There are 2 protein chains.
Amino acid sequence: MRLSKTSEYALRILSFMINSDMQVFSAKYLIDTLNVPDKYLRRLMTDLSKNGFIKSLKGRDGGYIFAKNANTIHISQVIDAVEGMDRYEGCIMGFGDCSDSNPCSLHENYAPIKEQLIHFLSTTTISELKSTNVLKF
Amino acid sequence: MRLSKTSEYALRILSFMINSDMQVFSAKYLIDTLNVPDKYLRRLMTDLSKNGFIKSLKGRDGGYIFAKNANTIHISQVIDAVEGMDRYEGCIMGFGDCSDSNPCSLHENYAPIKEQLIHFLSTTTISELKSTNVLKF
DNA sequence: TCAAATTACTATATGGTGGTAGTATATTAA
DNA sequence: TTAATATACTACCACCATATAGTAATTTGA
């Protein structure tokens with residue numbers, strides 16, 4: 001589906017956090033567990049903090065913790081924060097002015113599929129990633 | 001939906017060609033009409049030729065022409081030729097081993113949407129881009 | 001035959017995403 | 001108070017997609 005790698009990382013991290021019993025997650029722990037590059041993960045966590053999904057606890061025994069209930073964090077919001085949702089909402093052929101009333105030649109057939117995708121991303125929350133029978137996060 | 005820009009260009013070009021009465025299209029004509037960068041379009045046309053969608057006629061009055069019936073060219077084939085379809089077929093969170101039997105936490109909900117998307121791209125042909133009431137290509 | 005029109009090829013530049021390195025800052029247990 | 005453990009910030013690097021430039025090769029009308 002081609003989310004950016006950053007979006008993939010963000011979703012994996014939040015999915016891992018919601019599926020763990022722990023409350024506070026140090027960057028080091030997430031890096032070792034999830035195989036996300038060290039500094040890249042740290043920067044991403046700061047980004048996710050600034051966007052209010054998680055908050056950071058500095059100093060000894062610090063780490064990251066959800067800043068709000070995971071059932072209020074929608075996948076589309078996470079994607080929007082780290083790479084922007086625009087690209088998924090636009091015309092499949094890249095026309096800036098493509099719409100129902102001024103469609104490109106693929107619009108009619110593609111619109112319903114895009115509609116479903118956006119609906120999926122904007123209604124599914126991080127808490128729905130909690131699963132008992134899923135091995136990967 | 002975030003096809004690569006190259007895929008967007010390719011689809012726009014083929015869509016334009018199928019909607020025109022002309023048979024042979026010079027690079028210069030396509031460049032002027034479709035606002036695709038000069039050398040980039042030329043290289044893309046060569047690429048599309050090598051993949052058998054169009055063929056080139058060299059020399060004076062040369063240009064490009066469909067190499068086979070447009071109803072045998074599927075959108076997925078064009079995408080596959082210029083950027084690869086892999087990215088659209090993989091896991092939404094980027095897990096290499098995500099599958100029905102070994103799903104990620106989004107798999108169950110995302111799989112049907114991805115299925116529709118792939119079905120759309122692999123069953124729609126260039127000839128279906130022909131339209132009488134569409135202004136853009 | 002030759003000049004014009006055209007595509008093909010090769011090399012290079014640019015911009016953005018992903019990734020790395022080093023330093024600064026904050027917190028807390030001892 | 002201080003050393004250890006964290007996160008935050010800033011700068012830089014690498015790769016790939018996109019874009020540009022210049023030259024070579026091919027065809028054909030006159």
Side-chain angles (χ1 to χ4, degrees), chain A residues 2-13 17 22-32 34-67 79-84 86-88 93-94, chain B residues 2-13 17 22-67 79-88 93-94:
Chain A
R2 209 185 166 194
L3 293 182
S4 72
K5 213 156 192 189
T6 310
S7 288
E8 289 180 2
Y9 287 157
L11 292 177
R12 287 195 217 176
I13 291 163
M17 286 173 66
M22 298 168 56
Q23 291 295 308
V24 179
F25 302 81
S26 74
K28 189 169 188 309
Y29 177 69
L30 292 172
I31 288 159
D32 293 343
L34 298 175
N35 296 310
V36 177
D38 188 322
K39 294 300 171 64
Y40 202 69
L41 178 135
R42 292 173 190 278
R43 218 174 50 182
L44 177 54
M45 297 309 275
T46 302
D47 204 23
L48 294 175
S49 304
K50 285 183 173 164
N51 278 279
F53 302 126
I54 56 178
K55 59 186 168 193
S56 66
L57 307 175
K58 277 187 158 187
R60 191 168 178 146
D61 293 325
Y64 301 95
I65 189 172
F66 277 107
I79 295 172
D80 203 30
V82 301
E83 65 159 327
D86 322 26
R87 349 165 81 117
Y88 304 103
M93 286 202 278
Chain B
R2 208 186 168 195
L3 293 181
S4 73
K5 215 158 191 186
T6 311
S7 287
E8 288 179 2
Y9 288 157
L11 292 177
R12 288 194 215 176
I13 292 163
M17 286 173 66
M22 299 168 55
Q23 293 293 308
V24 180
F25 302 81
S26 74
K28 189 171 188 308
Y29 177 69
L30 293 172
I31 288 159
D32 293 343
T33 312
L34 298 176
N35 296 309
V36 177
D38 188 322
K39 295 300 172 67
Y40 202 70
L41 178 136
R42 292 174 189 278
R43 221 175 48 182
L44 177 53
M45 296 310 275
T46 302
D47 205 24
L48 294 175
S49 304
K50 285 183 175 165
N51 279 280
F53 303 125
I54 57 179
K55 59 187 168 193
S56 66
L57 307 175
K58 276 187 159 186
R60 193 170 175 143
D61 295 325
Y64 301 95
I65 189 172
F66 277 107
I79 295 172
D80 204 28
V82 302
E83 64 159 328
M85 274 293 292
D86 322 27
R87 350 165 81 119
Y88 304 103
M93 286 203 277

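Keep in mind that this is a model prediction, so the values were computed, not measured. To find a chain, count down the sequence lines: A is the first, B the second, and so on, and within it residues start at 1. Only this structure's heavy atoms are used, side chains among them; waters, hydrogens and symmetry mates stay out.
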Chemist: What I'd like to find out is whether the side chain of A:Val82 reaches to under 4.5 Å of the side chain of A:Tyr9, using heavy atoms alone.
Modeler: no

Chemist: Considering only heavy atoms from C-beta outward, does the side chain of B:Met93 approach that of A:Leu11 to under 4.5 Å?
Modeler: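 Yes, their side chains come closer than 4.5 Å.
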
Chemist: Whole angstroms only, please: what is the CG-C1' distance between B:Asp47 and D:dA19?
Modeler: 15 Å

Chemist: State whether the side chain of B:Asn51 and the backbone N or O of B:Asp47 hold a donor-acceptor pair below 3.5 Å, judged by distance alone.
Modeler: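 It does hold such a pair.
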
Chemist: Mind checking if B:Tyr29 touches a base, just sugar-phosphate, or nothing, with heavy atoms under 4.0 Å?
Modeler: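 The answer is nothing, as B:Tyr29 stays clear of every strand by at least 4.0 Å.
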
Chemist: Can you tell me the distance, in whole Å, between the NZ atom of A:Lys5 and the P atom of D:dC16?
Modeler: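 About 11 Å, once rounded to whole Å.
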
Chemist: Could you write out each protein N or O paired with an N or O of nucleotides 5-11 of chain D at a distance under 3.5 Å?
Modeler:
unit_1, atom_1, unit_2, atom_2, d
D:dT5, O2, A:Arg60, N, 3.4
D:dA6, O4', A:Gly59, O, 3.2
D:dT7, OP1, A:Ala27, N, 2.6
D:dT7, OP2, A:Arg42, NH1, 3.0
D:dT7, O3', A:Ser56, OG, 3.4
D:dA8, OP1, A:Ser56, OG, 2.8
D:dA8, OP2, A:Thr46, OG1, 2.9
D:dA8, OP2, A:Tyr64, OH, 2.9
D:dC9, OP2, A:Lys50, NZ, 3.2

Chemist: Contact boundaries of DNA chain C with chain A (under 4.0 Å, heavy atoms), 5' to 3'?
Modeler: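 Answer, 5' to 3': C:dG18 to C:dA29.
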
Chemist: Check whether A:Arg2 reaches the backbone of B:Arg2 with its side chain - one donor and one acceptor, N or O, closer than 3.5 Å.
Modeler: yes

Chemist: Would you please test A:Asp38 and A:Arg42 for salt bridge (charged side-chain N to carboxylate O under 4.0 Å, His left out) and show each step?
Modeler: CA-CA 6 Å; A:Asp38 188 322; A:Arg42 292 173 190 278; 2.6 Å; yes

Chemist: Measure CD/B:Glu83 against C1'/D:dT18 and give the value in whole Å, please.
Modeler: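 For the pair B:Glu83 CD and D:dT18 C1', the rounded distance is 13 Å.
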
Chemist: With a 4.5 Å heavy-atom cut-off, do B:Met45 and B:Phe25 have their side chains touching?
Modeler: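 The answer is no; the side chains never approach within 4.5 Å.
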
Chemist: For A:Tyr64, run the side-chain contact (heavy atoms from CB on, under 4.5 Å) check against A:Ile54, A:Leu48, A:Leu57 and tell me which one passes.
Modeler: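 The residue from A:Ile54, A:Leu48, A:Leu57 that satisfies side-chain contact (heavy atoms from CB on, under 4.5 Å) with A:Tyr64 turns out to be A:Ile54.
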
Chemist: Starting at CD1 of B:Ile31, measure out to NZ of B:Lys39 and round the result to the nearest 0.5 Å.
Modeler: 9.0 Å

Chemist: What is the distance, to the nearest angstrom, from the CG atom on B:Asn35 to the C1' atom on D:dT18?
Modeler: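 The answer, rounded to whole Å, is 16 Å.
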
